[in-house]
Number of protein chains: 2
Amino acid sequence: MLKTRIKEYRLKYDMNQQTLAELVGVRRETIGHLERGNYNPSLKLAWDIAKVFNVSIEEIFEYVEEEK
Amino acid sequence: MLKTRIKEYRLKYDMNQQTLAELVGVRRETIGHLERGNYNPSLKLAWDIAKVFNVSIEEIFEYVEEEK
DNA sequence: AAGCAATGTTATATATTTATAACATAAAGA
DNA sequence: TCTTTATGTTATAAATATATAACATTGCTT
């Protein structure tokens with residue numbers, strides 16, 4: 001299961017989904033889906049998002065084992 | 001454009017494509033395609049490969065600008 | 001030369017991400 | 001209340017990653 005801190009960093013930068021989406025070249029729905037854990041992004045998208053926040057990919061995305 | 005050091009690390013670990021593929025749960029052709037830069041992996045696959053070699057994703061994958 | 005292991009390559013099918021559009025909901029301000 | 005902004009949600013289409021199978025090539029070893 002994928003845990004993400006996109007929303008946390010997005011709010012830290014006082015940014016809405018639309019703005020982040022434009023910065024990385026995807027739709028705002030895509031950002032929303034990622035924040036809600038609906039699917040795993042491509043490495044390219046993960047890379048681009050991490051770059052916006054000047055952090056490593058690992059800082060924003062983490063795979064953890066399912067509980068149940 | 002995606003540059004990758006999969007092959008470099010794979011050889012360092014004296015491992016063939018088949019073995020690496022099994023460790024991360026994909027086909028050997030998929031590893032081959034990645035090494036030849038045919039497509040960008042999912043974050044999950046990139047994560048799994050980095051984990052096999054005990055390095056960060058950024059150590060193995062890097063996006064650089066196209067020359068021409 | 002013959003055989004084997006590793007990798008390249010290609011075609012097609014399947015799965016998943018992402019795009020697109022439309023509508024719903026919730027919060028905040030005028 | 002009405003309007004606006006941000007986000008949720010859902011359905012469908014398009015794009016791309018990955019699976020699968022088949023065959024080619026290369027290098028090594030006998």
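- Atom-to-atom, OH of B:Tyr39 to P of C:dT18 comes out at 16 Å; the value is rounded to the nearest Å.
- One finds no salt bridge joining B:Glu22 and B:Arg28 here, because no Lys/Arg side-chain nitrogen approaches an Asp/Glu carboxylate oxygen to under 4.0 Å.
- Shown here are the salt bridge (Lys or Arg N to Asp or Glu O under 4.0 Å) partners of A:Glu62, two or more places apart in sequence or in another chain: there are none.
- For the 3.5 Å distance criterion, the side chains of A:Gln17 and A:Glu29 fail to qualify, holding no donor opposite an acceptor.
- Stacking of B:Lys44 on the aromatic ring of A:Tyr63 is recorded, both the 6.0 Å distance cut-off and the 45° axial limit being met.
- Rounded to the nearest 0.5 angstrom, B:Asn40 CG and A:Leu43 CG are separated by 7.0 Å.
- The interatomic distance linking B:Leu34 (CG) with D:dT16 (P) rounds to 16 Å, in whole Å.
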Between the protein and nucleotides 5-11 of chain C, are there any N/O to N/O pairs under 3.5 Å, and if so, what are the atom names and distances?
| from | atom 1 | to | atom 2 | distance (Å) |
| --- | --- | --- | --- | --- |
| C:dA6 | OP1 | B:Asn16 | ND2 | 3.3 |
| C:dT7 | OP1 | B:Arg10 | NH1 | 2.7 |
| C:dT7 | OP2 | B:Gln17 | N | 2.8 |
| C:dG8 | OP2 | B:Gln17 | NE2 | 2.8 |
| C:dG8 | N7 | B:Arg28 | NH1 | 3.4 |
| C:dG8 | O6 | B:Arg28 | NH2 | 2.5 |

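- Taking 4.0 angstrom as the limit, A:Arg27 places a side-chain polar atom (N or O) nearer than this to OP1 or OP2 of C:dT20.
- Within a heavy-atom distance below 4.0 Å of DNA chain D, the residues of residues 44-61 of chain B found are B:Leu45.
- Scanning for side-chain hydrogen bond (donor to acceptor under 3.5 Å, both in side chains) contacts around B:Thr19 gives B:Asn16, with sequence neighbours left out.
- Taken over five-pair windows at either terminus, the axes of the helix from C:dA1-D:dT30 to C:dA30-D:dT1 are inclined to one another by 30° (rounded to 10 degrees).
- Shown are A:Lys7, A:Lys3, A:Arg10; of these, the salt bridge (charged side-chain N to carboxylate O under 4.0 Å, His left out) with A:Glu35 is made only by A:Arg10.
- With sequence neighbours left out, A:Phe53 forms a ring pair (Phe, Tyr, Trp, His ring centres under 6.0 Å) with A:Tyr9, A:Tyr13.
- The CD1 atom of B:Ile60 sits 11.0 Å away from the CG atom of B:Leu2 when rounded to the nearest 0.5 Å.
- In terms of heavy-atom proximity, B:Pro41 sits nearest to B:Ala46 at CG-CB, 4.3 Å.
- A close approach under 4.0 Å does occur between a side-chain nitrogen or oxygen of B:Thr30 and OP1 or OP2 of D:dA19.
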Step by step, would you call B:Thr4 with B:Leu34 a side-chain contact (heavy atoms from CB on, under 4.5 Å)? CA-CA 8 Å; B:Thr4 173; B:Leu34 287 178; 5.7 Å; no
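- Across the protein-nucleic acid pair, B:Asn40 atom CG and C:dT17 atom C1' stand 12 Å apart, rounded to whole Å.
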